[in-house]
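Okay, so here's the structure we're looking at.
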Amino acid sequence: MCSNWYIHNCLQKDPLLVKVNKLTSTKTQLPYSYYSLPFCKPDTIVDSAENLGEVLRGDRIENSPYVFEMREPKMCQIVCRASIDDKQAKELKEKIEDEYRVNMILDNLPLVVPIARQDRDAIVYQGGYHVGVKGQYAGSKDEKVFIHNHLTFLVKYHKDETTELSRIVGFEVKPFSINHQFEGQWNDKNTRLITCDPHASKLVTNSDTPQEVEAGKEIIFTYDVGFEESDVKWASRWDTYLLMTDDQIHWFSIVNSLMIVLFLSGMVAMIMLRTLYRDISRYNQLETEEEAQEETGWKLVHGDVFRPPANSDLLCVCVGTGVQFFGMLLVTMIFAVLGFLSPSNRGGLMTAMLLTWVLMGLFAGYASSRFYKMFKGSEWKSITLRTAFLFPGIAFGIFFILNALIWGEKSSGAVPFTTMFALVLLWFGISVPLVFVGSYLGFKQPAIEAPVKTNKIPRQVPEQAWYMNPAFTILIGGILPFGAVFIELFFILTSIWLHQFYYIFGFLFLVFIILIITCAEITIVLCYFQLCSEDYNWWWRSYLTSGSSAIYLFLYAGFYFFTKLQITKLVSGILYFGYMLLASFAFCVLTGTIGFCACFWFTRLIYSSVKID
């Protein structure tokens with residue numbers, strides 16, 4: 001056996017166990033267990049231990065009847081002969097129609113199909129092989145469905161120069177469909193095939209005589225396995241997978257987008273600093289009462305600018321939840337940039353996000369209670385409960401409905417009851433108590449004092465120009481933050497919905513920083529213009545200004561759905577838009593909180609910088 005260390009070192013003839021994973025399709029987004037189709041089964045099916053992230057992704061990793069021996073090529077190995085009935089034939093045809101792919105794993109490496117690109121002398125790799133194909137016999141117009149029943153595996157290994165030990169660095173396959181014929185009586189694996197016989201130098205190299213999927217027909221499953229020495233070292237074996245679909249033009253687009261946003265942000269910051277410096281200097285030089293009465297702009301509303309807004313409790317909850325999101329993304333992204341969340345650790349990213357979300361409940365409770373106390377609130381337990389249950393409750397409700405739809409389709413993507421129970425336990429057992437601890441600590445702190453006194457009687461807001469209409473400024477404010485992320489969003493959506501690897505966390509972290517700067521600056525600018533027009537209702541508007549970028553995110557998700565995806569099933573469409581609605585809601589909470597906190601800091605700064613009579 002290969003050594004059971006983190007890095008598997010194998011001697012010649014050591015057994016290599018191939019595992020099977022879920023069947024996936026970009027057309028339905030509904031994963032299914034490998035053994036839901038009439039493939040060959042081992043004597044006993046054993047489930048591999050899966051982490052929380054793997055279960056939520058729909059991974060179902062099991063053993064298979066494919067067993068190789070290290071550096072021992074084999075040809076025309078019979079796996080089994082299966083006779084399919086009407087129901088199985090129908091299921092196979094449906095899966096082939098929906099372009100389902102079979103995913104396998106060897107030494108933690110996913111199986112890939114090498115495909116030569118026509119436009120350049122290069123090979124790209126696609127994860128998994130198609131269950132089958134649709135086609136026509138020569139001279140016939142009738143479309144038939146054929147299954148890939150012969151697999152030609154290639155295992156690439158890196159051999160140690162000083163020892164005989166080898167490490168697996170690649171796992172490829174070329175699938176074929178062939179209508180196998182055999183001599184004499186069937187005798188399980190000792191039967192001699194006419195269509196694939198290494199002794200007669202007859203190997204499967206094409207699908208000229210394919211195996212049709214039809215009820216009552218028997219299908220013989222076979223495979224070849226070859227071994228090839230590679231210069232790729234074990235530490236670099238994932239590079240092939242992570243460079244699957246990268247094109248230089250995408251990198252140039254990302255850099256170009258970031259440079260534009262940085263340029264705009266720099267201009268905005270310069271304008272703000274110069275304008276504010278002039279305003280503060282002018283206000284501080286006003287000495288006579290006549291001059292003070294003639295003053296206009298943001299200083300006039302100093303007695304109302306820190307007046308608690310309508311629905312201040314809900315604002316506190318939203319800000320607390322946004323702080324929780326911000327902490328989760330920051331911590332997860334730092335770990336990802338440092339390389340702790342490699343794609344080789346399946347489900348690691350999702351598991352890390354869930355655990356950090358739960359732990360960040362402490363900061364959510366602290367932030368919401370601090371603002372709640374500033375707004376003269378006294379029922380801290382009430383605000384704590386709402387912070388602990390509002391967003392998680394909505395998210396869990398949407399997730400439960402979508403999971404019920406997946407369950408109805410009998411997909412392996414449906415989260416089992418035990419996992420659902422574990423999620424609820426994380427929520428009620430860890431997250432809620434931490435929110436309470438955070439709220440308690442926050443409420444014990446002295447209230448945040450406003451730099452200026454608030455008048456007892458609210459000042460009347462003058463009629464505003466059309467371009468200062470709340471709806472207009474809010475919608476305009478969301479464009480720039482969305483512009484900072486939309487190219488990176490394309491890669492993220494592609495990795496999620498087209499089942500590709502995403503590992504450019506360095507760029508993602510840079511985009512995240514740019515998003516924070518952009519949200520903060522656009523909100524500050526629009527808040528400044530609002531205060532200059534003597535409208536002091538900035539609390540909710542500052543939150544919604546940058547939060548409106550979520551509207552554009554959801555609209556882009558719709559554009560992506562109709563231009564890049566080939567989803568035809570109603571359930572799959574509901575799943576897509578359900579999950580994207582949830583993601584957009586989370587993005588609104590995150591960006592809204594960033595904008596609000598920046599605006600809160602800005603208003604406190606400018607009103608503490610002027611002399612108020």
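Side chains included, hydrogens not; waters and symmetry mates left out as well; all remaining heavy atoms used.
The aromatic rings of Tyr556 and Phe486 sit perpendicular to each other, their planes meeting at more than 60°, with 30° as the lower class boundary. Aromatic ring orientation, Phe561 versus Phe577: tilted (interplanar angle from 30° to 60°).
Among residues two or more places apart in sequence or in another chain, the side chain to side chain contact (heavy atoms under 4.5 Å, CB included) test is passed with Met70 by Cys10, Asp14, Leu16, Tyr157, Ser166, Ile168, Phe227. Taking the salt bridge (Lys or Arg N to Asp or Glu O under 4.0 Å) definition, one finds that Lys93 meets it with nothing, sequence neighbours left out. Legend: residues meeting side-chain hydrogen bond (donor to acceptor under 3.5 Å, both in side chains) with Asn179, ordered by chain and number and at least two apart, are absent. Under the side-chain hydrogen bond (donor to acceptor under 3.5 Å, both in side chains) criterion, Asp208 pairs with Asn206, sequence neighbours left out. By the salt bridge (Lys or Arg N to Asp or Glu O under 4.0 Å) test, Lys22 pairs with Asp59, sequence neighbours left out. In this view, Glu97 and Lys134 satisfy the salt bridge (Lys or Arg N to Asp or Glu O under 4.0 Å) rule, not counting sequence neighbours. For Thr195, the side-chain hydrogen bond (donor to acceptor under 3.5 Å, both in side chains) test picks out His180, with sequence neighbours left out. Taking the side-chain hydrogen bond (donor to acceptor under 3.5 Å, both in side chains) definition, one finds that Thr332 meets it with Thr356, sequence neighbours left out.
Electrostatic pairing of Arg192 and Asp197 counts as a salt bridge here, judged by a charged N lying under 4.0 Å from a carboxylate O. Between Lys19 and Asp107, no side-chain nitrogen of the basic residue sits less than 4.0 Å from a carboxylate oxygen of the acidic one, so the salt-bridge criterion is not met. Salt bridge status for Lys217 with Glu214: present, with a side-chain N to carboxylate O gap under 4.0 Å.
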Result block: side-chain N/O donor-acceptor pairs under 3.5 angstrom for residues 144-153, not counting sequence neighbours:
residue: His148; atom: ND1; partner: His130; partner atom: O; Å: 2.8
residue: Asn149; atom: OD1; partner: Ile178; partner atom: N; Å: 3.0
residue: Asn149; atom: ND2; partner: Ile178; partner atom: O; Å: 2.8
residue: Asn149; atom: ND2; partner: Ile220; partner atom: O; Å: 2.9
residue: His150; atom: ND1; partner: Thr222; partner atom: OG1; Å: 2.6
residue: His150; atom: NE2; partner: Asp224; partner atom: OD2; Å: 3.0

Only pairs under 3.5 Å count here: list side-chain donor-acceptor contacts from residues 563-572, not counting sequence neighbours, and write none if there are none.
residue: Thr563; atom: OG1; partner: Phe559; partner atom: O; Å: 2.7
residue: Ser572; atom: OG; partner: Thr28; partner atom: O; Å: 2.4

Under 3.5 Å, which donor-acceptor pairs do the side chains of residues 399-409 form with other protein atoms, sequence neighbours left out?
residue: Asn403; atom: OD1; partner: Val415; partner atom: N; Å: 2.7
residue: Asn403; atom: ND2; partner: Val415; partner atom: O; Å: 3.4

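The number of heavy-atom neighbours closer than 6.0 Å to OH of Tyr35, taken from other residues, nucleotides and ligands shown, is above 12. Other residues, nucleotides and ligands contribute only 12 or fewer heavy atoms inside 6.0 Å of the NZ atom of Lys174. Atom NZ of Lys74 sits in a crowded spot, with more than 12 heavy atoms from other residues, nucleotides or ligands closer than 6.0 Å.
For the 3.5 Å distance criterion, the side chains of Thr24 and Tyr32 fail to qualify, holding no donor opposite an acceptor. Between the side chains of Arg346 and Asn21, no donor-acceptor pair of N or O atoms lies under 3.5 Å.
Between Tyr560 and Trp497, the distance separating the two ring centers is not shorter than 6.0 angstrom. Here the two rings, on Tyr66 and Phe39, have centers that are 6.0 Å apart or farther.
Here the side chains of Met104 and Val112 are not in contact, with every heavy-atom distance at 4.5 Å or above.
Sorted by first and then second residue, the side chain to side chain donor-acceptor pair (under 3.5 Å) pairs involving residues 76-92 (not counting sequence neighbours) are Arg81-Glu218.
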